[in-house]
Peer 1: 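Take a look at the following structure, please.
Given the structure is predicted, the values throughout are model-derived calculations rather than measurements.
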Amino acid sequence: QSLQGACENSGLSPEALVSTGGAALNCPANTRILATGLTNGSRAKGSFAGLFVPPGCDDSGLAIGAAQALRYAVLRTPRGTPPRPASHRAYLGLGTCRSELDEILQQHRDELVVEHPEDPAREAARLLAGDRIIAWFEGRSEIGPRALGHRSILAHPGHGTNWRRVNQIKEREAWRPLAPSILIEACEEWCEGAPIPSPYMLFNARMRRPDAPAITHVDDSARIQTVAPEDGNYYRLLTEFHASSGLPLLLNTSFNGPAMPIIERPAEAVRFFLDSTLDHLFVDGVKISHRPSEAES
């Protein structure tokens with residue numbers, strides 16, 4: 001009721017709620033707000049029809065707000081006029097510069113092995129199913145603070161030890177939780193309590209099965225990201241991993257280290273990889289590995 005009153009006092013319709021700002025990064029709170037407003041799929045009396053949290057709900061969303069203010073307050077665009085189509089979902093950041101990638105790989109050619117697999121998604125899935133930890137860099141980066149498969153570190157979620165391994169790679173405390181990306185068609189079987197689709201990793205779900213300990217909290221919850229066919233090669237990677245491992249989900253965390261923003265450029269990705277214990281790096285289909293030392297070979 002207080003949420004409805006806040007909407008009415010601000011002149012907004014109480015039919016739906018949009019939540020943004022730093023507080024909207026609180027996944028348990030978002031999930032409870034949604035559950036309070038929607039009971040068994042229907043509206044509770046005095047509540048709202050739905051809850052939307054945009055991917056850029058942190059400070060990066062200021063740019064979206066500034067654009068909206070210009071559109072409606074300065075240009076006087078009538079409200080309800082549909083905007084021009086944008087890139088799908090949250091992939092609105094910087095794209096890949098192939099010349100930059102080629103240059104950094106040439107600089108470090110003595111330290112790296114570079115391959116061009118015929119099917120990068122299948123090759124990455126094979127490595128992940130074999131318990132390798134990889135970084136996946138694809139297309140344009142994500143807006144907002146969550147890694148959504150275009151700048152991600154990925155691991156097999158079925159091995160509980162990967163929780164510790166990935167946190168070591170990122171140089172984080174061992175207790176830090178990690179989240180799953182899950183094929184949207186598998187959500188009903190694997191989890192409950194979160195809105196579907198949930199593409200921005202901003203709600204918690206309860207995991208129905210115990211088969212993914214690396215991404216499941218002690219209360220059986222997980223901060224899920226649903227992945228759909230329109231999400232490109234990341235969806236194909238999950239599909240291939242499902243075929244290889246029987247699991248329709250991956251451990252997914254941001255591609256960065258301590259006190260670092262999420263990786264944006266190919267050169268940043270390669271430099272991180274050189275200094276890390278990641279097994280492999282994929283940059284728009286190019287597979288990059290550490291060159292074994294003479295002692296190892």
Peer 1: Indicate, with yes or no, if V286 and V113 share a hydrophobic cluster defined by side-chain heavy-atom contacts under 4.5 Å among Ile, Leu, Val, Met, Phe, Trp and Tyr.
Peer 2: no

Peer 1: So, does R109 use its side chain to make a donor-acceptor pair with the main chain of Q106 at under 3.5 Å?
Peer 2: yes

Peer 1: Under a 3.5 Å distance rule, please check whether E142 uses its side chain to pair with a backbone N or O of G149 as donor and acceptor.
Peer 2: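 It does hold such a pair.
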
Peer 1: Run the salt bridge (Lys or Arg N to Asp or Glu O under 4.0 Å) test on R236 and E240 for me, step by step, so that the C-alpha distance in whole Å, both residues' side-chain angles and the decisive distance to 0.1 Å come before the verdict.
Peer 2: CA-CA 6 Å; R236 285 207 60 250; E240 293 289 346; 3.2 Å; yes

Peer 1: Salt bridge (charged side-chain N to carboxylate O under 4.0 Å, His left out): which pairs involve residues 50-64, sequence neighbours left out?
Peer 2: none

Peer 1: Are any side-chain N or O atoms of H159 and backbone N or O atoms of T161, one a donor and one an acceptor, separated by less than 3.5 Å?
Peer 2: no

Peer 1: Is a donor on one side and an acceptor on the other found under 3.5 Å between the side chain of S245 and the backbone of L247?
Peer 2: yes

Peer 1: How about L249 and M207: do any of their side-chain heavy atoms sit closer than 4.5 Å?
Peer 2: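 Sidechains of M207 and L249: in contact.
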
Peer 1: Once rounded to the nearest 0.5 Å, what's the spacing between atom CH2 of W136 and atom CG of L128?
Peer 2: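 These two atoms lie 9.0 Å from each other.
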
Peer 1: Under the ring-ring contact (aromatic ring centres under 6.0 Å, His included) rule, what do F273 and H280 come out as? Steps first, then yes or no, please.
Peer 2: CA-CA 8 Å; F273 179 71; H280 304 280; 7.6 Å; no

Peer 1: Please identify which of these residues, F137, F282, F272, meets the ring pair (Phe, Tyr, Trp, His ring centres under 6.0 Å) condition with F255.
Peer 2: F272

Peer 1: Please examine the side chains of T277 and Q168, heavy atoms only from C-beta on, and report whether any two atoms are closer than 4.5 Å.
Peer 2: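 Sidechains of T277 and Q168: no contact.
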
Peer 1: Heavy atoms only: give me the nearest N167-R176 pair and the separation to one decimal.
Peer 2: ND2-O, 3.0 Å

Peer 1: Under a 3.5 Å distance rule, please check whether R146 uses its side chain to pair with a backbone N or O of L25 as donor and acceptor.
Peer 2: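 Looks like yes, one N/O pair under 3.5 Å.
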
Peer 1: Validate the cation-pi geometry between R208 and W190: distance from NZ or CZ to the six-membered ring centre under 6.0 Å, angle to the ring axis within 45°.
Peer 2: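 No, R208 does not lie over the aromatic ring of W190.
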
Peer 1: I would like to know whether H217 and I215 meet side-chain contact (heavy atoms from CB on, under 4.5 Å); could you show each step before the answer?
Peer 2: CA-CA 7 Å; H217 303 158; I215 54 83; over 6 Å; no

Peer 1: Do S244 side-chain atoms and A129 backbone N/O form a donor-acceptor pair below 3.5 Å?
Peer 2: no

Peer 1: Verify, without hydrogens or angle tests, whether T31 (side chain) and C27 (backbone) share a donor-acceptor contact under 3.5 angstrom.
Peer 2: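 Such a contact is found between T31 side chain and C27 backbone.
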
Peer 1: Between L148 and I263, is there shared hydrophobic-cluster membership here, with clusters defined by ILVMFWY side-chain heavy atoms closer than 4.5 Å?
Peer 2: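 Per the 4.5 Å side-chain linkage, L148 and I263 are not co-clustered.
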
Peer 1: For residues 193-206, which side-chain donor-acceptor pairs fall under 3.5 Å, sequence neighbours excluded?
Peer 2:
{"residue": "R206", "atom": "NE", "partner": "E192", "partner atom": "OE2", "Å": "2.7"}
{"residue": "R206", "atom": "NH2", "partner": "E192", "partner atom": "OE2", "Å": "2.5"}

Peer 1: List the atom of A147, the atom of S254, and the distance in Å for their closest heavy-atom pair.
Peer 2: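 What the structure gives for the nearest pair is CB-CA, 3.3 Å.
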
Peer 1: Evaluate L112 against L281 for side-chain contact (heavy atoms from CB on, under 4.5 Å), listing each step before the verdict.
Peer 2: CA-CA 10 Å; L112 299 170; L281 164 65; over 6 Å; no

Peer 1: Out of curiosity, L278 CG to I288 CD1, how far, rounded to the nearest 0.5 Å?
Peer 2: 11.0 Å

Peer 1: How long is the span from the CD atom in E264 to the CZ atom in R140, to the nearest 0.5 Å?
Peer 2: 10.5 Å

Peer 1: Tell me whether E173 at atom CD has more than 12 heavy atoms from other residues, nucleotides or ligands lying less than 6.0 Å away.
Peer 2: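 Above 12, so yes.
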
Peer 1: Can you check whether G139's main-chain N or O pairs, donor with acceptor, with D284's side chain at less than 3.5 Å?
Peer 2: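 Pair found, side chain donor or acceptor close to backbone of G139.
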
Peer 1: Which atoms form the tightest heavy-atom contact between P28 and N26, and what is the distance?
Peer 2: CD-OD1, 3.1 Å

Peer 1: When you look at S276 and K170, which way does the side-chain hydrogen bond (donor to acceptor under 3.5 Å, both in side chains) test go after all the steps?
Peer 2: CA-CA 9 Å; S276 77; K170 289 171 65 73; over 6 Å; no

Peer 1: Please assess H150 against S141 for the test side-chain hydrogen bond (donor to acceptor under 3.5 Å, both in side chains), listing each intermediate value before the final yes or no.
Peer 2: CA-CA 6 Å; H150 278 202; S141 62; over 6 Å; no

Peer 1: Find the distance between CG (L105) and CD (E111) and round it off to the nearest 0.5 Å.
Peer 2: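 Spacing of CG (L105) from CD (E111) equals 11.0 Å.
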
Peer 1: Just by distance, do the side chain of R132 and the backbone of L127 share a donor-acceptor pair under 3.5 Å?
Peer 2: no

Peer 1: May I ask you to test the L251-I133 pair for a side-chain heavy-atom distance under 4.5 Å?
Peer 2: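 No; the side chains remain at least 4.5 Å from each other.
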
Peer 1: Do M260 and I262 share a hydrophobic cluster (ILVMFWY, side-chain heavy atoms under 4.5 Å, transitive)?
Peer 2: no

Peer 1: With clusters defined by side-chain heavy atoms of hydrophobic residues (ILVMFWY) lying less than 4.5 Å apart, directly or transitively, does L94 cluster with Y91?
Peer 2: no

Peer 1: For the atom pair OG1 (T253) and CZ (R172), what is the distance rounded to the nearest 0.5 Å?
Peer 2: 4.5 Å

Peer 1: Enter the distance from H108:NE2 to E103:CD here, rounded to the nearest 0.5 Å.
Peer 2: 10.0 Å

Peer 1: Output yes when E138 and R151 qualify as a salt bridge under the 4.0 Å nitrogen-oxygen rule, no when they do not.
Peer 2: no

Peer 1: Which atoms form the tightest heavy-atom contact between C191 and I182, and what is the distance?
Peer 2: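 In terms of heavy atoms, the two residues are closest at SG-CD1, 4.4 Å.
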
Peer 1: Measure across N30 and L51 and return the closest heavy-atom pair with its distance rounded to 0.1 Å.
Peer 2: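 Smallest interatomic distance, heavy atoms only, reads O-CD2, 3.5 Å.
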
Peer 1: Might you work through the side-chain contact (heavy atoms from CB on, under 4.5 Å) test for I153 and I134, ending with a clear yes or no?
Peer 2: CA-CA 6 Å; I153 293 173; I134 73 169; over 6 Å; no

Peer 1: Run Q225 and N252 through side-chain hydrogen bond (donor to acceptor under 3.5 Å, both in side chains) and show every step you take.
Peer 2: CA-CA 9 Å; Q225 173 207 359; N252 169 23; 3.2 Å; yes

Peer 1: Restricting to non-hydrogen atoms, name the atom on L154 and the atom on L237 that form the minimum distance, rounded to 0.1 Å.
Peer 2: CD1-CD2, 3.5 Å

Peer 1: Linking I/L/V/M/F/W/Y whenever their side-chain heavy atoms sit closer than 4.5 Å, directly or via other members, would L62 and L92 fall into one cluster?
Peer 2: no

Peer 1: Ignoring hydrogens and geometry beyond distance, is a side-chain donor-acceptor pair present between S181 and Y234 at under 3.5 Å?
Peer 2: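 Indeed, the side chains of S181 and Y234 share at least one donor-acceptor pair under 3.5 Å.
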
Peer 1: Between the main-chain N or O of R265 and the side-chain N or O of E268, is there a donor-acceptor pair closer than 3.5 Å?
Peer 2: yes

Peer 1: Can we say D275 and R271 salt-bridge, meaning some charged N sits less than 4.0 Å from an Asp/Glu carboxylate O?
Peer 2: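 R271 and D275: not salt-bridged.
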
